[in-house]
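Step one of this worksheet: look at the structure below.
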Amino acid sequence: MMNLFVLQLLNGVQLGVLLFLIAAGLTLVFGIMDVINLAHGVLYMVGAYLIATFAAATGSFWWGLLLTLPAAVVVGLVVEFVVMRRLYARSHLDQVLATFGLVMITNEAVKMIWGTSPLSVPMPEIFSGSVPLMGPLQYPVYRIAIIVTGLAVAFGLFVMVNYTRVGMLLRAGATNRDTVSALGVDINRLFAIVFTLGAVLACLAGAIVAPILSVDTGMGESVLILTFVVVVIGGIGSIKGAFLGALLVAVVDTLGGVFGPIVLRSILDPSAAGQMGRVLAPMLVYILMAVILFAKPAGLFGRRA
Amino acid sequence: MTSLGVSNLCKSYGALKVTDDVSLSVESGELHAIIGPNGAGKTTLISQLSGQLNCDSGSVFIGDRDISRLTMPQRVKLGLARSFQITSILPGFTALENVALAVQAREGSSFRFFGNVADEAPLNTAAMTALREAGLDHRAQVLARSLSHGEHRRLELAIALATQPKVLLLDEPLAGVGGEDAESFVENLQKLKGRFTMVLIEHDMEAVFALADRVSVLVYGRIIATGTPEAIRNDPEVRAAYLGEEEELV
Amino acid sequence: QDVPASANDDVLKIGLVYTLSGPPAALGEQARDGFVLAAEKIGDIGGMKTEIIVVDDEGKPDLAAEKARELVARDNVDFVVGPIFSNILMAMVQPVTSTGTILISTNAGTSTLAGEACNPNFFTTSYQNDQNHEVMGAYAEKMGYKNVFLMTPNYQAGKDSQAGFKHSYTGATAGEVYTELGQLDFSSELAQIAAFQPDAVFTFMPGGMGVNLVKQYSQAGLSSIPFLSAFTVDETTLPATQDAAVGMLGGANWAPDMDNEANKAFVDAYIAKYDAVPGTYAMQAYDAAQLIDSAVKKLGGDLTDRDALRAAIHEADFDSPRGDFSFGSNNFPIQDFYLVEAVKRDDGFYGTSIKEKIFDDYVDNYASLCKM
Amino acid sequence: MLDVNGLEAGYGESQILFGIDLRVKEGEVVTLLGRNGMGKTTTIKSIFGLVKPRAGSVKVGGKNLTGADPHKIAMAGLGYVPEGRQIFPTLNVEENLRATARPGKWTIDKIYDLFPRLKERRRNMGNQLSGGEQQMLAIGRALMTNPQLMVLDEATEGLAPLIRADIWSCLARLKQEGEAILVIDKNVDALTKFADRHIVIEKGRVVWTGTTEQILATPEVKDRFLHV
Amino acid sequence: MNPDRPALSGRVKAALVLFVLFALMPPLASALNDPFYILIGTRILAYAIAAMALDLILGYGAMVSFGHAAYLGFGAYAVAILQSYGVNDLILQILFAICISAVFAFVTGAISLRTRGVYFIMITLAFGQMAFFFFISLSAYGGDDGVALAHRSTVLGLDLLGTDYGLYYVTLAILIALFALCHRIVGSRFGRVLTGIRENPTRIEAIGFSPFRYQLTAFVISGCITAIAGVVLANQAQFVSPAFMSWHKSGELIVMVVLGGVGNLAGPIAGAVAALLLEEWLGALSKNWKLYFGIFLVLMVLFSPQGITGLLRKMGIVRGQE
Ligand SMILES: Nc1ncnc2c1ncn2[C@@H]1O[C@H](COP(=O)(O)OP(=O)(O)OP(=O)(O)O)[C@@H](O)[C@H]1O
Ligand SMILES: Nc1ncnc2c1ncn2[C@@H]1O[C@H](COP(=O)(O)OP(=O)(O)OP(=O)(O)O)[C@@H](O)[C@H]1O
Ligand SMILES: [Mg+2]
Ligand SMILES: [Mg+2]
């Protein structure tokens, strides 16, 4: 049982780190630029499709990754320039509508370009093994690599937002665009950079999960809601919050699914527990969010507006 | 008779004591000014009186009723109204609608789902009266967001008046209003004097000394002096902490 | 029963309702392609001028119900063919069959429609949903597995699947796990499997879920534990899972390498046209077209005698790629079921391959409940 | 330094400015006077490009910047203290000062010398400051951009008399150091102590301009246009 | 955006035009030999009801509920559940739907209203999802597969809904009645408080209202009206499934409201019509219709900030301030 717990914890952390990569971009764009970007999830999907294409063309995961990142920058800049730029000054609802449109466009375009069948990306050789954990348990090296990548990005972002001038300007621009620009800062360029950074992070997340998940047209949507849950639990705009929120969501999800039924069985009779477990399991993350928001209406690290 | 009583009020943000054992009693019908340097805790005090902020300890009375535990709306019902230092209005409503809503709040029957509120003459009449008293009746039909700053200040006052308060808390109503506008604003306030108890926060000393019956000086959370305008003007401690040299007074 | 208006004109109109958007679109497209392939091969289906109308149900039952009505009421179709998913089927049955129009499901085969709610105007060329799971249960039983780990998505079909497996498997279960519908990362479940070390794993993970499970299963180093599944390792997912799935076992009513003339013709034509190996979705839709063709031809294009039409369909007088095919009393097929294995084919594609026959002329468990 | 000609601007359908002419030379202190709602703030906003001018021109340092992006105009050497302070609520005091700073003679220490109160509150978030503290912060923030011309819109609003006096003396000092200032304020008397020229606007038009001597010599200006 | 006199009459006028068009549609469709549009029309009307209900809180109360499809589902399941007990009367079904919805809206609304803005969006989503998953696990009513309804509801024993015509006109009547209701609410004292809360909640408290009670009341009303749309929808589809309650549906409702124009009741009705008709037509034109629909949405936002209402205003067809 202990073994399982440790393994699940690791799994939780790995999922959490991945969620964080996506959520980080969303929370930046959302908290700092005050833009709700529903299309963030499809950027994650695009990242996965890009690496699938590049890896297949070059025959190597690493070349694929290397090509995906600049391509992600281009995608980010283009989306920012064509659509997002025009939305900054708009209401949240306008942003929701426009980015919802973007989601439809991207999903359909991806379908037209790559077809509906899922694609797959080979696992890079050096990471393809597992390390022995304890007893018969093993843990895939690749997932450890994901954890490390995520932690590194988290650290970098945390420093950037809290301790650099770019970070300050971003936070300032979120609330007061006019004033920031009248004080001599090119806010549009700044926002373009942040948006692109967020897009690249999402694409990166999509690229690094591609070897473990299938690359398909639905991956953007399924991750979007979870990412929003993470961002909201953590408190909008808080990198620290996104990080903890992601870990919390992931761990509750992985551990709850396994140990929840066990706990239930100890208080209810087995069939009722099974029934109850099945009803509750998919709600777990949402229950978590509702409870957290009930206790802290602006998330764990959010500032009350 | 004491209309508004404050006893031993305290409030801190972390290590900072913003309100430090403040006691105050404002007589009914009196206009009591509170002055003090920036950051002294005047707005914080008003927020505590109005219920927007919780106090750490101490109590607030209206008459002899302890209102320390009541919410903001409940206090308003008991006749406590405030204006905001930083304009807080309904930008998408016309001036008249802003005030009419305050009248409606006073009347208390807002769970009415039928009947067009815009046609309710009594509401509009009462609102116009308040606007007139604040000197803004000529702009009644203008959207609040298109009013100028000075007009916003007047609208703040009109809204507060419309709740027909017993006690009116005014947080720098003159901020940003100058010249003749300020004078006429002071006149408006002068006319209101005596109708209800007023607590006035102002940095415009001319206005303070013209209007106040008594003045309290708040410095870093403590009241260092209370007295008639004359006494305060000549209090050396107050001069050092707040007023500065006489000729700097404009 | 009333004769639908569609019976009186001299065009044969067929409406296809499949999920063609969103992630499950791959399944819907296979089915559509399979049907179209047959239609092209046949030319004039039933010897009549044929018109095929393809409709996307978007995975939304309410929309599907309306589209089905639209096909019947506006487009005057003679047959409605589809869909992929059970919930969509449930929404379509009433609007289509109540007008006397024939509905042919090429994939979904819910238990109610096989049993109590069986319907003279409803046929299916696929199976009753439980059957593939029963195949795997029977196989596990036969292999003498003592504890099998069951894992399916947390929804109706997932529950039915575990029940179906247990219908023919009497051993113990090492765990009965329900995963969230649409879940993509199975690390937590795989950890449990690693911890329990069961004799085998049985799962039902259609679409993207299956792809991910399969890839992660081999990555987690669990390949030594037999992986039994239904609707998980098939021609729609193999292009994505590729080598990761090779050797995994499934239950099916057919595989593309079945050795008979009709099948060779079908598979070769499909590969030639779509550059992919057909799966059961394509095959069953292909059969639906052949079924319609055979029935209409029998009647010489006169669809006004509905009883004759139903009888003609029931005869199922066509060469199915799966060989043996006939309808039971509930209009569900009586057919053979096989254990299939994922392989890399000689032509370089991945596909499933027949390993052994598990059931012969198998009748579903609900047929006896059907009073028709 | 700043040269505005025939500026027209407005919001939506309503036109507020009908041809404003205004010049500030190097090292000169100019005031913009007028009653509430006459268009002073709108003038400033259209100079900064925050409201797009409909006609006329804005030149900074000889460069035509009419309708340019606000940051370009600011970079040309204008420092802005907006009406209503517009402090960044999610930044602390120090970050507020640093975020938009540009190198030059004004450093954060100098600002803290000028406003010691800010130093005490340096870790407070912008929205946790008193009104007056916010005002000081807004001035400090503009100074930190090291402008050649400071534009102050109601910079002493809500300040205690002592502080207000401080700000006047600070502006006087800035003037001595050769900086140009354009200032809007209600305290005409305080302004006349150090301003060079005055511009009075009414209903979006310049109705009077003149030097300090002239304004002191013609009390009817104050009576007619300012009612002070 | 403010409930001013000119906007008010503009709203009513726009709605009246829409209602007349709706009323004329069935005979027209029959004349054009395409009676099928009547059924599509019924679905559009049902969504129009739901979108309008959402606008009541979204447009007037600034409460963006991302879980409103749950109420659609409650309405639909009210029909299915009562029908399984042999209760076929539409009015009873509506009452039942309202009861469930009111309770659910009251409880979840009270919790959700502790939050604001995007937090509110997400917490309502959470409750919507809980309801969704609850019905998925409800095996008695088909779980994920849903249940087909044997027949449409009756009204006081009359088979009014038996024909597509009947169903359509009853739905239209319900829509008009609910529009009138919402219109009255918005213009009432209650409505003004609600709008005021949207504009500036602190100010509203400072003049003596506690926003919570008003917002919660509006939330419950909106939920109940949406449930009525669900009852209609179940009758239209003759089928009920949890798919009615998925977050996609909630999202679609928001899209309809914003597309039509927020905060004027008539806009969302137009939004529902536009969104669903466009889906219908584009779908018939191309299998990649979602691409074009997406482009349409983006262009709408970029060039007509207030949705269809804004577009009409720009073209001078509807008057009212920006
Ligand atoms: N949320 C908070 N957290 C920490 N400190 C705060 C907070 N709110 C206010 N303060 C501090 O409390 C002190 C008192 O503020 P307050 O607004 O009451 O001052 P004031 O007397 O109204 O000043 P002014 O005349 O400038 O408006 C200030 O120093 C301010 O920085
Ligand atoms: N955003 C806006 N939309 C529409 N009208 C506006 C807007 N802002 C200001 N106005 C109008 O423009 C006119 C001029 O306003 P402005 O703020 O420039 O005046 P001001 O001279 O700065 O006054 P004050 O001394 O009160 O600050 C006023 O009549 C005001 O109502
Ligand atoms: Mg204050
Ligand atoms: Mg101004």
Side-chain angles (χ1 to χ4, degrees), chain A residues 30-31 34 36 38-39 82-83 86-87 89-109 111-112 221 224-225 228-229 231-233 235-236 275-276 278-299 302 304-305, chain E residues 58-59 62 64 66-67 108 111-134 136-139 247-248 251-252 254-259 262-263 271 286-307:
Chain A
F30 190 175
D34 200 27
I36 299 191
L38 295 186
V82 176
V83 183
R86 286 151 236 272
L87 296 178
R90 294 296 190 72
S91 72
H92 280 165
L93 288 172
D94 279 351
Q95 295 163 355
V96 165
L97 191 63
T99 54
F100 184 82
L102 266 187
V103 171
M104 295 183 90
I105 296 172
T106 320
N107 274 337
E108 201 61 34
K111 207 173 112 180
M112 288 160 75
E221 263 179 43
L224 178 71
I225 291 289
F228 266 98
V229 171
V231 167
V232 161
I233 284 182
I236 294 162
Q275 177 66 25
M276 184 91 162
R278 273 203 298 286
V279 177
L280 287 183
M283 299 184 191
L284 219 52
V285 169
Y286 297 103
I287 295 174
L288 174 75
M289 173 164 75
V291 168
I292 287 182
L293 289 187
F294 181 75
K296 302 203 74 174
R304 199 96 164 96
Chain E
L58 186 152
V64 183
F66 196 8
T108 64
I111 298 173
S112 306
L113 279 169
R114 289 174 54 86
T115 65
R116 276 196 209 311
V118 176
Y119 298 100
F120 183 85
I121 300 184
M122 292 308 289
I123 198 168
T124 47
L125 167 81
F127 288 120
Q129 287 295 86
M130 290 180 205
F132 171 70
F133 286 120
F134 175 77
I136 282 211
S137 61
L138 204 64
S139 294
W247 65 267
H248 294 90
E252 281 166 27
I254 295 179
V255 166
M256 288 172 195
V257 175
V258 184
L259 179 64
V262 171
S286 159
K287 67 177 176 153
N288 297 319
W289 65 272
K290 284 192 173 173
L291 182 73
Y292 305 109
F293 194 81
I295 293 174
F296 168 75
L297 290 184
V298 172
L299 291 181
M300 261 322 263
V301 175
L302 294 189
F303 297 108
S304 177
Q306 290 160 57

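Both backbone and side-chain heavy atoms feed into the values below; hydrogens, waters and symmetry mates do not. Residue numbering restarts at 1 for every chain, and letters A, B, ... go by the order of the sequence lines.
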All heavy atoms of E:Gly294 vs all of A:Met104, minimum pair found to be CA-CB, 4.0 Å
Most contact-rich option vs chain A, by heavy-atom pairs under 4.5 angstrom, among E:Leu299, E:Val258, E:Val298, is E:Val258
Okay, E:Leu58 and chain A: the region with an atom under 4.5 Å from a heavy atom over there is side chain
Correct closest heavy-atom pair for A:Val279 and E:Ser137 would be CG2-OG, 3.4 Å
Checked A:Met112, A:Lys111, A:Gln95, A:His92 vs chain E; the most non-hydrogen pairs under 4.5 Å come from A:Met112
Applying a strict 4.5 Å limit to non-hydrogen atoms, the region of E:Ile254 in contact with chain A is side chain
So, the part of A:Val229 with a heavy atom under 4.5 Å from chain E: the answer is both
When the 4.5 angstrom heavy-atom criterion is applied to A:Ile287 and chain E, the contacting part is both
For A:Met289 and E:Ala126 the tightest heavy-atom approach is CE-CB, 3.5 Å
Cut-off 4.5 Å, heavy atoms of chain A, and the answer for E:Phe296 is neither
By side-chain contact (heavy atoms from CB on, under 4.5 Å), E:Val255 pairs with (sequence neighbours left out) A:Leu97, A:Phe100, E:Leu297
Under 4.5 Å to a heavy atom of chain A? For E:Phe127 that would be side chain
Residue pairs passing the side chain to side chain donor-acceptor pair (under 3.5 Å) test with at least one member in residues 286-300 of chain E, sequence neighbours excluded, are none
Cut-off 4.5 Å, heavy atoms of chain E, and the answer for A:Ile225 is both
If one checks every heavy atom of E:Val64 against chain A at 4.5 Å, the contacting part turns out to be side chain
The reported gap from OG1 in E:Thr115 to CG in A:Leu293 (rounded to nearest 0.5 angstrom) is 6.0 Å
In short, A:Asp94 meets E:Val301 closest at the heavy-atom pair O-CG1, 3.6 Å
When the 4.5 angstrom heavy-atom criterion is applied to A:Glu221 and chain E, the contacting part is both
The interface call for A:Val82 against chain E, heavy-atom contacts under 4.5 Å, is backbone
So do the side chains of E:Phe293 and A:Glu108 get within less than 4.5 Å of each other, counting heavy atoms only? no
Q. Is there side-chain contact between A:Tyr286 and E:Leu125, with at least one heavy-atom pair below 4.5 Å?
A. yes
Flag, side chain of A:Arg86 to backbone of E:Phe303, donor-acceptor distance under 3.5 Å: no
In terms of heavy-atom contacts, E:Tyr119 and A:Ile236 come closest through OH-N, 2.7 Å
Whatever's closer than 4.5 Å to a heavy atom in chain E on A:Ala295 counts as backbone
